[in-house]
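In what follows, chains are A, B, ... by sequence order, proteins preceding strands, each numbered from 1.
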Amino acid sequence: MTFADLGLMPELLRAVEDAGYSEPTPIQRDAIPIVLSGRDVMGGAQTGTGKTASFTLPVLQRLAPHASTSTSPARHPVRALILAPTRELAMQVYESVLTYSRYLPLRATCIYGGVDMRAQTQILREGVEIVVATPGRLLDHVQQRSIQLNQVKMLVLDEADRMLDMGFIPDIRRILSMLPNQRQSLLFSATFSNEIKKLADQMLNEPQLIEVARRNMVSETIEHQVYPVESSRKRDLLVHLLKTTIDAQVLVFVDTKFGCSRLTHYLNRCDIPADAIHGDKSQQQRTEALEGFKNGTTRVLVATDVAARGLDIDDLPYVVNYVLPNTSEDYVHRIGRTGRAGKKGKAISLVAPEDRSNLAGIEKLIKLTIPVHTVEDFQASGVRDHSDGASAGRRGRNEDNAGRRSRGSDDSAAPRGRGGDDSAAPRGRSERTRTPARKKSTVAADGFDYAKPYEASDAPKAPSTKPDTPSRANRPVAFLLGGVGRKG
DNA sequence: AAAAAAC
């Protein structure tokens, strides 16, 4: 299978070849022909498997007939709008558009906040066919009349489930209301909760569901580890790990902007150079922090969830959850910064006893039981719920391991083994050699059969399992979207 | 219940 087999035009094939790609990834193979056909798409694929190109390439081809070398702004209306949840991700998607449009006379730009508006306004006034944007600044330009959206025939929501959650939905709703009803809509993400998926269905017209792996799946090339530790001991455990077992570049996720700054300062005081990225930093600081991390200058980057989604960092070997994310889906996205494009990665989570149920929710979503590791003097107990073997869904490890774990001292407060940097090493190694088992059935825990072609009516009416997010939080969302969708 | 996203 080649990109030419997917029906892409020579100008795009050349650009793909220039970029060094010869074979499409599964999501590209499945999504590109369908997007080219003009259908609406809900696309799900694991992190790091080439989702961006699976929509940028066919979007460019669909717009190619409208390409014009004319300098008249009227000849360059906005025909495709691509929305992303963070500025850095918008910039990354824009770079993909630039890469693949190099042999086509199509104009594109990237619109986001935190930088001067004037340069953006100037470019918009000259006319562009493709706009990649974050919602807030886009609406700002709409108000200033520097952009018109009534010619948009293609809409892409990257990280679609994030774009449709509580924080973003009012902006998205306003943007949708300015678009023509006759359009193609494309929603892409590595995760879709059931509630968000239903909401997404409302804004799509007979969508084709494309899923190359089951929803919410994580890469097999990532090794997950849990370190049970009291919250008060986390920073010292992290320093210990950074000086012993974490021997390469690492992205450390925290839960708040303040915590991000505080941990960064602490690491620096411990002679561990670290940089920080979060939403209260200036855009210049954010851009520089990400750039320094991408080019390898920064070994340790401490981040809020601003860096959780979509960012493509070459060969990142480690992700640390200093604090577990607020939703299980965010775990999938955070750890998806490592183990990309078939590379190996480690996802290390520091889990306090009070995060036990949070951990159980993550394990249920990704259908794995994450092996517990300990470091002498840093253990905490009660992180794994032993009283209920089903709490994490089917055990991801074999019975032998599960049995040893349940009667062993993995999460006991008693010091284990001899004093080493990582006293769990012997067992850790044996666990590392085993491939986690996964459910064979194509019917997932959410009741959706992934082997069947998708019909909107297949969406489970009443999930048999408890929803991952409280239904209370979703009702107002559905209400907000009601009336603006093409079906609603 | 925090973060993100406009000024």
Side-chain angles (χ1 to χ4, degrees), chain A residues 81-94 110-121 124 131-147 149 157-176 178 189 191 193 196 231 251-263 276-283 285-287 289-290 301-311 321-334 337 352 354-355 357-358 361-362 468-474 476-477 480:
Chain A
L81 178 61
I82 304 173
L83 297 176
T86 67
R87 299 163 183 174
E88 288 78 11
L89 184 55
M91 184 53 75
Q92 189 178 289
V93 171
Y94 171 64
C110 191
I111 296 296
Y112 55 83
V115 295
D116 193 281
M117 282 192 80
R118 283 169 294 189
Q120 295 177 356
T121 303
L124 290 175
V131 169
V132 185
T134 51
R137 178 56 69 90
L138 177 71
L139 285 167
D140 206 345
H141 281 290
V142 167
Q143 273 197 321
Q144 311 231 352
R145 303 260 190 268
S146 41
I147 186 171
L149 299 177
L157 299 190
D158 196 12
E159 304 298 337
D161 59 334
R162 168 63 81 238
M163 303 306 287
L164 294 175
D165 83 7
M166 289 297 275
F168 274 110
I169 196 72
D171 282 354
I172 298 299
R173 178 188 149 279
R174 277 161 64 201
I175 293 167
L176 288 183
M178 299 170 201
S189 181
T191 57
S193 73
I196 292 289
S231 290
L251 181 55
V252 180
F253 283 102
V254 296
D255 55 346
T256 64
K257 290 176 277 201
F258 180 69
C260 184
S261 296
R262 197 175 38 182
L263 180 61
I277 184 167
H278 61 68
D280 277 351
K281 295 244 172 198
S282 72
Q283 191 51 44
Q285 286 176 313
R286 285 169 57 160
T287 305
L290 188 59
L301 182 64
V302 185
T304 60
D305 279 327
V306 71
R309 284 175 174 255
L311 298 185
N321 289 306
Y322 186 79
V323 183
L324 285 181
N326 270 307
T327 72
S328 302
E329 281 81 11
D330 285 339
Y331 179 87
V332 174
H333 290 278
R334 283 182 176 186
R337 296 321 98 215
E354 58 266 33
D355 300 323
S357 65
N358 203 346
I362 289 165
D468 299 316
T469 46
S471 57
R472 167 189 56 78
N474 299 292
V477 180
L480 279 165

Legend entry - Straight-line distance of A:Glu88 CD to A:Leu290 CG, nearest 0.5 Å: 6.0 Å
Inset, instruction - Working to the nearest 0.5 Å, report the span between CD1 of A:Ile82 and OG1 of A:Thr134. - result: 13.0 Å
Legend entry - A:Gly279 versus A:Lys257, closest heavy-atom pair with distance: N-CD, 4.0 Å
Inset, instruction - Could you tell me whether the side chain of A:Asp171 has a donor or acceptor atom within less than 3.5 Å of a complementary atom in the base of B:dA5? - result: no
Inset, instruction - Using atom OH of A:Tyr331 as one end and atom P of B:dA2 as the other, report the distance to the nearest whole Å. - result: 23 Å
Inset, instruction - Check every strand shown and say whether A:Arg286 touches a base, only sugar-phosphate, or nothing at a heavy-atom separation below 4.0 Å. - result: sugar-phosphate
Inset, instruction - Return the nearest nucleotide to the side chain of A:Tyr112; candidates are B:dA6, B:dA3, B:dA5. - result: B:dA6
Legend entry - Side-chain N or O of A:Arg309 closer than 4.0 Å to phosphate OP1/OP2 of B:dA3: no
Inset, instruction - Check whether any side-chain nitrogen or oxygen of A:Thr86 sits under 4.0 Å from OP1 or OP2 of B:dA5, and answer yes or no. - result: no
Legend entry - Whole-Å distance separating the CZ atom of A:Phe168 from the P atom of B:dA6: 8 Å
Legend entry - Spacing between A:Asn358 atom CG and B:dA2 atom P, to the nearest angstrom: 14 Å
Inset, instruction - Would you tell me if any nitrogen or oxygen in the side chain of A:Thr304 comes within less than 4.0 Å of OP1 or OP2 on B:dA4? - result: yes
Inset, instruction - Name the nucleic acid region contacted by A:Asp140, choosing base, sugar-phosphate or nothing; use a 4.0 angstrom heavy-atom cut-off, strictly under. - result: base
Inset, instruction - Could you tell me the separation between the CG atom of A:Leu324 and the P atom of B:dA1, rounded to a whole number of Å? - result: 17 Å
Inset, instruction - Looking at every strand, decide which applies to A:Gly113 at a 4.0 Å heavy-atom threshold: base, sugar-phosphate, or nothing. - result: sugar-phosphate
Inset, instruction - Enter the distance from A:Ser189:OG to A:Met163:CE here, rounded to the nearest 0.5 Å. - result: 11.0 Å
Inset, instruction - Measure from the side chain of A:Lys257, starting at C-beta and using heavy atoms only, and say which of B:dA4, B:dA2, B:dA6 lies closest. - result: B:dA4
